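Heads up: the structure comes next, in C-alpha cells.
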Amino acid sequence: MCGELRVEQDGQPVVLMGWVNRRRDHGNLIFLDVRDRSGITQVVLDKEVSGEAHAKAEAARSEYVVAVKGKVQRRGAGLENPNMPTGAIEVVASELLLLNEAKTPPFSPADDAIANEEVRLKYRYLDLRRTEMQYNFALRSRVAMAIRNYLVEQGFLEIETPFMTRSTPEGARDYLVPSRVHAGHFYALPQSPQIFKQILMISGFDKYFQIARCFRDEDLRADRQPEFTQIDLEMSFPQQEKVFRVVEGFLTAAFKTASISLTTPFVQMTYDDAIKNYGIDKPDMRLPAMVSLTAELTPELRETLKIEKELPVLGFVIPKAGTLSGTQKRALVEEIRATFGDCGLDFLDVARLKTNDAFAPLASTIEAKLSSAEPSTGTDADLIIVVTPKIGTPAKWNFDPQWIYKRVGALRLQLAAKFADKHGRFVKTGTEADFKFLWVTDFPMYEWDEETKVWNAAHHPFTSPHEEDIKAGRLTNDKGAVRALAYDIVLNGTELGSGSIRIHRQDVQAEIFRSLGMSDAEAKERFGFFLDALEYGTPPHGGIALGLDRIVMILAGATSLREVIAFPKTAKAIDLMVDAPTPVSDQQMRELHLKTVVRS
RNA sequence: GGGGACGUAGCUCAGUUGGUUAGAGCGCUGCCCUGUCACGGCAGAGGUCGCGGGUUCGAGCCCCGUCGUCCCCGCCA
C-alpha cells in the first residue's frame, strides 16, 4: 500500500498500484506521486534504470491508474520530505504499467483548495478520492463497527425492519412507493423503525438494535438529509438511566476509534433547566450559560430604567470578545436591536451604566455575577450582554415567559458564532474537551399548537408521561405541566438523538389518545395493529435513536452532513451525480396506475 | 412557503462611474531540464460573463424575470 512504506523496508522489492497524484518531470528523471487510500509514495523513474518505464512515465498524467514494480530505497541526505509519512523513502521503478488513462479532471483530488459543492457533487467519485474524504469514510466505517460490536457484546440483537411499510405516526412527510399490484395503494418508506422496534419488544427480543436508514420528505439543512442513518435501539424493562448507560458505552467505543476517550456518565439536565439556563433544548455546553439578573434589578431600578417588572432579565458573556472599538460597539448594539426587532426586548449597556453614579453599583454586581458563569474565562475582556424586556411587552407574547429565555438563548448562539475567532471555544484540540455531551430529560409531554389551537404530542403519542403527572390528573386538567419520560442526547449544541420510555399499558395509551383529542375510532384507524399488539402482554420498554451521520460529522470536525455521506443530496433534494429524481416512462406510470397532473 | 449570499476560462477568483480586444493564479497542451516533492524555465490554447428579456449610442456591470448551488426561518411529533 502506498502510504505504508518506511525506512524499515529499505531494499525490499515492491509492487504499488494506485493513481498518479502528481507528476514532476525533470527530463531524464521523472517523479510520480502514486496515491491509494492508504497514502502517497514517491516513485522515481530514472532513464538509466529503465528507459521503457521512463518513457511510459512521460505519457502518464494526473489520475492515471498505474502499477509500479520496483525497489524501496532510503532517500539520501537532504532528499527526505518530512511533510509526508513516507517521506524517508521512495520507490525506484524498474517497470511501469499504465493500467488506465484518465481525462483531465475538472478539479484535482490532489489539490488543497476544493472546488464548489456543485462540481464536487457532480463528480463525486473524484471528490471522494480526496484524502480528507477518504479519512471521513474510514472513520465512519470504524465508528459504525465499534458501535455494532459494543451493542452485540452487551447482548443486543441486530434485526432488520422493512423499508417498504405503511405511513406511521411520525410527524414528517413520508416518501411514498406506489404499488403495482394494488392500484392506488402506496407503501411508505420509514421515518424511523419506531413501531417495529416496539413490536419486537412485545415479541420478546428484549434488546434490539439496528443501524437503520430512515427517510423524511422535509426541507434540508446542513445537518439534515432526506435519507440518513440512525443507531436505533430498544430495551425491555429499562429505567431511562439504563438506556443512558448503553448509549454512553457505545459512544465511548465509537470515539475511541478516533483516539478520543470520553468520561462517563454524561451531564444531565432537565428540559426546564435547559430552557432557563440556555434558552434552548439542545444547549451548547462549550459556551457560558445565561445568568438570571432578575433579582439584581429591583423594582426601583426597573422603574427608572423602564424595564418590565414581571419578566426575567438575562445576561450572558462571550469570552474574550469584549475589546471592541467604539464604532464596533455601536454597530453591535445596532445589530442586536435589529435582531430583536419589535419583540419588546432591549439591550442594557452595562459599560454606560458604570459611568453613572446611580447605576455603577448595579453594573459592578452584574459584571461580577456574569463572570462567574461556567465555563468562563473570568477575564475582563469578556463581552457582557444583558437583555431587558421593555414595559408592556408581556402582552405581545401572550404572557408566556418562555419566549424571553428562548430569544436570549438564540442571541447567545448568534453572537457566539459571530465572535468564534475571539473566544476560540469551537477550535478543535483533538481531545475530549472538544466534545460536550449532555442528556436533556423530562421533556414536556404536550405542545400547544397556536395555529390549530390544540395540544399535540411533543415527542410521539407512545411516550410515557411521568407516573405522578398521571396520578395528579394533569393529563386532563394541566397538559402544559405534564412531563414525559423523554430524553435527548446533545453534543456541542446539536441534537444527536432522542428517545423515551414508552407506554406499555393499553389503558394509559387510550387515555393519552383521548387527551390528544383523538377518538377511540380514530386511534384504531391510525394505529389499530399496534394497539392490538399492546394488548398481548407488552413488557415495559424504552429506547432511543441517534443520528450516525451527525456523530461522524462532529467527530470529523465537519459542518455539513454531506462531508460524511458518500452520495448526498443538495438542498433541493437532488442527486447531482446520478441526476435524480427523474420523470419515468409512460409504461412505468401505467403499470403503477399513476397519472401526472400539472397544477398551475 | 419566506429571507440572505453566490453564479465571469476546467478550478479558485479579480474586473473601477456603464466605455477600446474581459484579466490573474492554478490546471491543460507543446518544448527544455537528473533530485523534485505546490519542481523550475520558455511558448501556447482556452470565455454563450448561468439563462431569457429590457434600458442605453454602448451592459460582465443598471432594471425585470428565471434557473442552479449554499446558509437560515418555517417545516423536521
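Computed over heavy atoms, backbone and side chain alike; hydrogens, waters and symmetry mates excluded. What you are looking at is a predicted structure, and each value in this text was computed from that prediction instead of being measured. Note on naming: letters A, B, ... go to the chains in the order of the sequence lines (proteins, then strands), and numbering restarts at 1 for each one.
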Pair partner, [N] [Watson-Crick or wobble, under 3.5 Å]:
N: B:G65; value: B:C51
N: B:G40; value: B:C32
N: B:C70; value: B:G4
N: B:C26; value: B:G10

Report the nucleotide, chosen from [options], that has the shortest atom-to-atom distance to any side-chain atom of [X].
X: A:L79; options: B:C72, B:G35, B:C76; answer: B:G35
X: A:R562; options: B:C71, B:C75, B:C37; answer: B:C71
X: A:N116; options: B:U12, B:U69, B:C71; answer: B:U12
X: A:L29; options: B:C26, B:G35, B:C70; answer: B:G35
X: A:R22; options: B:A38, B:U34, B:C76; answer: B:A38
X: A:K572; options: B:A38, B:U34, B:G68; answer: B:G68
X: A:R224; options: B:C70, B:C76, B:C26; answer: B:C76
X: A:L576; options: B:G35, B:U69, B:C75; answer: B:U69
X: A:H26; options: B:C11, B:C39, B:C76; answer: B:C39
X: A:D219; options: B:C26, B:U12, B:G74; answer: B:G74

Whole-Å distance between [N] [atom2] and [X] [atom1]?
X: A:Y123; N: B:C11; atom1: OH; atom2: P; result: 8 Å
X: A:I30; N: B:C31; atom1: CD1; atom2: P; result: 12 Å
X: A:D25; N: B:C39; atom1: CG; atom2: P; result: 12 Å
X: A:L413; N: B:C73; atom1: CG; atom2: P; result: 11 Å
X: A:D575; N: B:G68; atom1: CG; atom2: C1'; result: 15 Å
X: A:L411; N: B:C73; atom1: CG; atom2: P; result: 15 Å
X: A:R221; N: B:C72; atom1: CZ; atom2: P; result: 6 Å
X: A:R23; N: B:A38; atom1: CZ; atom2: P; result: 17 Å

Side-chain donor/acceptor of [X] to backbone N/O of [Y], under 3.5 Å:
X: A:Y271; Y: A:V440; result: no
X: A:S108; Y: A:A110; result: yes
X: A:N456; Y: A:E447; result: no

Within the 4.0 Å heavy-atom criterion, would you say [X] contacts the bases, only the backbone, or no part of the nucleic acid?
X: A:E447; answer: sugar-phosphate
X: A:T104; answer: sugar-phosphate
X: A:E118; answer: sugar-phosphate
X: A:D217; answer: nothing
X: A:Q225; answer: nothing

Exercise. Confirm from the modelled atom types if A:E90 and B:G35 form a donor-acceptor pair under 3.5 Å, side chain to base only.
Key: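 Yes.
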Quiz item: Could a donor-acceptor pair under 3.5 angstrom be found where the side chain of A:D111 meets the base of B:C11?
Solution: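 Not at all, since no donor on one side and acceptor on the other fall under 3.5 Å apart.
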Taking OP1 and OP2 of [N], is either one under 4.0 Å from a side-chain nitrogen or oxygen of [X]?
X: A:N81; N: B:C37; value: no
X: A:R24; N: B:C39; value: yes
X: A:T570; N: B:U69; value: yes

If we take the [atom1] atom in both [N] and [M], what is their distance in whole Å?
N: B:G4; M: B:A22; atom1: C1'; result: 29 Å
N: B:C63; M: B:G1; atom1: C1'; result: 26 Å
N: B:A14; M: B:C73; atom1: P; result: 27 Å
N: B:G19; M: B:G60; atom1: C1'; result: 13 Å
N: B:C61; M: B:U17; atom1: P; result: 15 Å
N: B:C6; M: B:G50; atom1: C1'; result: 12 Å
N: B:U29; M: B:A45; atom1: C1'; result: 7 Å
N: B:G46; M: B:G30; atom1: C1'; result: 15 Å

Quiz prompt | Nearest-nucleotide 5' precedence on RNA chain B, A:A222 against A:R550 | solution =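 Final value for this comparison: A:A222.
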Quiz item: Considering heavy-atom distances to RNA chain B, does A:I114 or A:R61 have its closest nucleotide positioned more toward the 5' end?
Solution: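 Final value for this comparison: A:I114.
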For [X] and [Y], I'd like to know if the aromatic rings sit close, meaning centre-to-centre distance below 6.0 Å.
X: A:H26; Y: A:F31; result: yes
X: A:F163; Y: A:F215; result: yes
X: A:H459; Y: A:F462; result: no

Quiz item: Is A:F107 stacked on the base of B:C11 when the test is centres under 5.5 angstrom and planes under 30 degrees?
Solution: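 By the stated criterion, A:F107 and B:C11 do not stack.
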Quiz item: Looking at A:Q240, A:H466, A:R483, which one forms a side-chain hydrogen bond (donor to acceptor under 3.5 Å, both in side chains) with A:D442?
Solution: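 The side-chain hydrogen bond (donor to acceptor under 3.5 Å, both in side chains) with A:D442 is passed solely by A:H466 among A:Q240, A:H466, A:R483.
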Self-check item: Charged N-O contact under 4.0 Å between A:R286 and A:D284
Solution: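 Result for this pair is yes, salt bridge flagged.
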Quiz prompt | Note: A:E101-A:R61 ion pair, threshold 4.0 Å (strictly below) | solution =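 No, this pair does not count.
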